[in-house]
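Computed from a prediction, not measured in an experiment: that's the story for all the values here. Along the sequence shown, residues are numbered consecutively beginning with 1.
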Amino acid sequence: MKNILVTGANGQIGSELVDKLETMSGLENIVASDVNPPAKFSAAFENVDVTNKEQLQKTIEKYGIDTIFHLASILSVKGEENSDQAWNINMNGLKNVLDLAREFNIKIFWPSSIAVFGPNTPKNNTPQDTILDPYTMYGITKLSGEFLCHYYFIKFGIDVRSVRYPGIISNKTKPGGGTTDYAVDIFYGAVSKNEYTCFVGPKTRLPMMYMPDAIRAAIEIMKVDESKVPIHTSYNLAAISPSVEEIAFEIQKKIPDFNCYYDPDFRQRIADSWPQVIDDSRARTDWNWKHDYDLPSIVDDMLEKLAQKYHRIR
Ligand code: AKB
């Protein structure tokens with residue numbers, strides 16, 4: 001990893017990954033790219049639409065890119081609103097990146113998701129190898145993407161590494177259009193107006209992870225020796241699995257007058273199709289994955305960071 005391109009750099013994960021890469025020594029170029037106008041980066045920025053292979057190629061050539069963190073993607077809820085767009089960006093974007101990786105000998109990180117699982121997947125301790133029957137177009141693109149990555153490894157030797165991210169909780173850039181967004185929105189609601197109305201019910205339990213752990217996972221899996229990453233589809237990755245009411249209860253310990261209301265909509269069905277607790281033992285054994293943040297430490301840090309953002313002293 002010397003010259004790194006991050007696609008989808010304005011997004012929830014991309015914006016924090018670029019920040020983190022910028023602080024790491026020994027990297028020559030960090031190039032942030034997104035289809036939307038640049039967010040504030042000190043890194044170089046290029047407007048790149050991942051469905052446009054020429055644009056991608058020009059950027060790769062301009063900076064001598066040897067590593068791509070390919071994060072540009074449409075998430076589960078937005079993907080249901082426009083399934084053609086989700087297919088185009090998620091599949092054709094990934095194929096362009098993999099084809100260019102072949103041509104320019106580039107190492108790839110590409111995130112998959114718990115959305116590859118579906119209603120018939122075991123919900124608890126979901127194994128690495130299990131029933132994969134995604135219910136959303138997003139999940140279908142992630143599952144197809146996993147097999148595409150596997151194919152490019154077997155057929156062309158492309159070094160592509162991947163994790164199945166759970167919902168990511170963070171405070172810098174809001175997620176856009178995912179089912180797990182409630183686990184971020186609840187903190188914004190708590191800090192800005194002491195209340196939040198959740199679009200899934202109180203007992204809904206999904207795997208979640210704090211952003212610093214998610215970023216570290218991406219960097220660690222990219223840094224380990226290739227022999228330690230024998231899974232070439234995507235690794236199960238886990239941290240915590242709270243229900244919504246457990247998150248609300250933990251917030252109430254810090255903000256006693258916080259109220260969480262519930263008004264489930266169509267997103268409940270997507271949430272119900274996903275596992276509750278993931279078995280990520282292969283990631284833990286193969287490349288020593290370990291999460292740092294539990295629910296109380298996530299809640300502490302989220303409330304502190306968002307209070308600073310809203311200039312509220314608690
Ligand atoms: C979503 O909710 O769509 C994403 C995901 C779990 O991949 N956050």
Side-chain angles (χ1 to χ4, degrees), residues 75-77 79-80 111-147 162-170 175 178-186 198-211 213-214 216-218 221 230-231 233-251 260 262 264-299:
L75 298 183
S76 56
V77 174
E80 292 311 284
S112 184
S113 160
I114 54 166
V116 296
F117 302 117
N120 297 302
T121 304
K123 291 235 173 293
N124 279 302
N125 270 332
T126 308
Q128 175 69 40
D129 297 311
T130 185
I131 299 167
L132 299 164
D133 59 343
Y135 168 78
T136 59
M137 177 55 94
Y138 171 66
I140 291 166
T141 64
K142 287 298 183 189
L143 181 54
S144 313
E146 286 190 8
F147 283 107
S162 177
V163 295
R164 292 171 175 156
Y165 274 136
I168 309 293
I169 300 175
S170 70
T179 307
T180 57
D181 290 12
Y182 67 81
V184 174
D185 296 343
I186 192 170
C198 189
F199 56 76
V200 295
K203 304 276 177 221
T204 307
R205 182 182 300 282
L206 286 177
M208 298 285 168
M209 178 176 289
Y210 202 34
M211 183 63 88
D213 280 334
R216 196 168 44 75
I221 196 176
I231 293 175
T233 49
S234 189
Y235 275 89
N236 278 7
L237 194 75
I240 59 170
S241 277
S243 65
V244 189
E245 63 185 4
E246 285 165 0
I247 303 175
F249 180 67
E250 205 57 44
I251 293 174
C260 191
Y262 298 92
D265 63 20
F266 68 97
R267 289 169 280 193
Q268 182 72 59
R269 194 158 168 211
I270 302 177
D272 289 345
S273 76
W274 290 349
Q276 297 185 332
V277 181
I278 302 279
D279 171 5
D280 64 349
S281 49
R282 281 301 303 267
R284 288 175 193 262
T285 330
D286 287 1
W287 45 278
N288 280 332
W289 161 247
K290 182 173 131 325
H291 70 281
D292 283 339
Y293 286 85
D294 60 7
L295 183 60
S297 54
I298 294 174
V299 170

- request: Determine which pairs satisfy salt bridge (charged side-chain N to carboxylate O under 4.0 Å, His left out) with at least one residue from residues 275-287, sequence neighbours left out, and list them in order.
  value: D280-R284, R282-D286

task: Take T121 and L132 through the side-chain contact (heavy atoms from CB on, under 4.5 Å) test and state the conclusion after the steps.
output: CA-CA 6 Å; T121 304; L132 299 164; 5.6 Å; no

message: Is it the case that the side chains of S76 and T136 hold a donor-acceptor pair, with the cut-off being a distance below 3.5 Å and no angle test?
response: no

message: Please give me the minimum heavy-atom distance between P166 and P207, naming the atom from each residue.
response: CB-O, 3.2 Å

task: State, to 0.1 Å, how close Y235 and P230 come at their nearest heavy-atom pair, and which atoms those are.
output: OH-CD, 3.0 Å

task: Kindly indicate, with the supporting measurements, whether the criterion side-chain contact (heavy atoms from CB on, under 4.5 Å) is fulfilled by W287 and V163.
output: CA-CA 12 Å; W287 45 278; V163 295; 3.9 Å; yes

query: Is atom OH of Y262 surrounded by more than 12 heavy atoms (other residues, nucleotides or ligands) closer than 6.0 Å?
result: yes

task: Can you sort out the partners of Y138 under ring pair (Phe, Tyr, Trp, His ring centres under 6.0 Å), two or more places apart, ordered by chain and number?
output: none

- prompt: Passes side-chain contact (heavy atoms from CB on, under 4.5 Å), I270 versus E80? Steps please.
  reply: CA-CA 10 Å; I270 302 177; E80 292 311 284; 4.2 Å; yes

field: Pair R267 + D181, salt bridge at N-O below 4.0 Å
entry: no

- line: By ring pair (Phe, Tyr, Trp, His ring centres under 6.0 Å), F117 pairs with (sequence neighbours left out) none

message: If I take atom CG from residue L237 and atom CE from residue M209, how far apart are they, to the nearest 0.5 angstrom?
response: 3.5 Å

task: Enter the distance from I298:CD1 to M211:CE here, rounded to the nearest 0.5 Å.
output: 11.5 Å

query: Without hydrogens or angle criteria, can the side chains of E146 and S162 be said to hold a donor-acceptor pair below 3.5 Å?
result: no

field: Straight-line distance of D292 CG to R216 CZ, nearest 0.5 Å
entry: 4.5 Å

message: Looking at S297 and Y293, would you say the former's side chain and the latter's main chain have a donor-acceptor pair under 3.5 Å?
response: no

- prompt: Is the shortest side-chain N to carboxylate O distance from D272 to R269 below 4.0 Å?
  reply: no

- request: Drop me the distance from I240's CD1 to L206's CG, to the nearest 0.5 angstrom.
  value: 11.0 Å

message: For a 4.5 angstrom cut-off between non-hydrogen side-chain atoms, does R205 reach K123?
response: no

task: Could you walk me through whether I186 and C260 pass side-chain contact (heavy atoms from CB on, under 4.5 Å), step by step?
output: CA-CA 8 Å; I186 192 170; C260 191; 4.0 Å; yes

message: Could you check whether any side-chain N or O of Y182 sits under 3.5 Å from a backbone N or O of F199, counting only pairs where one atom can act as donor and the other as acceptor?
response: no

- line: Nearest heavy-atom contact between T204 and A271 is CG2-CB, 3.9 Å

- line: For W274 and T180, the nearest pair of non-hydrogen atoms, with its separation, is CZ3-CG2, 3.9 Å

task: Quick one: pull up OG1 in T233 and CG in D129 and give me the separation to the nearest 0.5 Å.
output: 7.0 Å

message: Would you compute the distance between atom CD of E250 and atom CD of E245 and round it to the nearest 0.5 angstrom?
response: 13.0 Å

Exercise: identify the closest heavy-atom pair between S113 and K142: CB-CG, 4.1 Å

- prompt: Looking only at heavy atoms, what is the nearest atom pair of A217 and W289, with distance?
  reply: CB-CZ3, 3.5 Å

query: Any side-chain heavy atom of S234 within less than 4.5 Å of one from V116?
result: no

- request: Measure from the side-chain N and O atoms of Q128 to the backbone N and O of N236, and report whether any donor-acceptor pair falls under 3.5 Å.
  value: yes

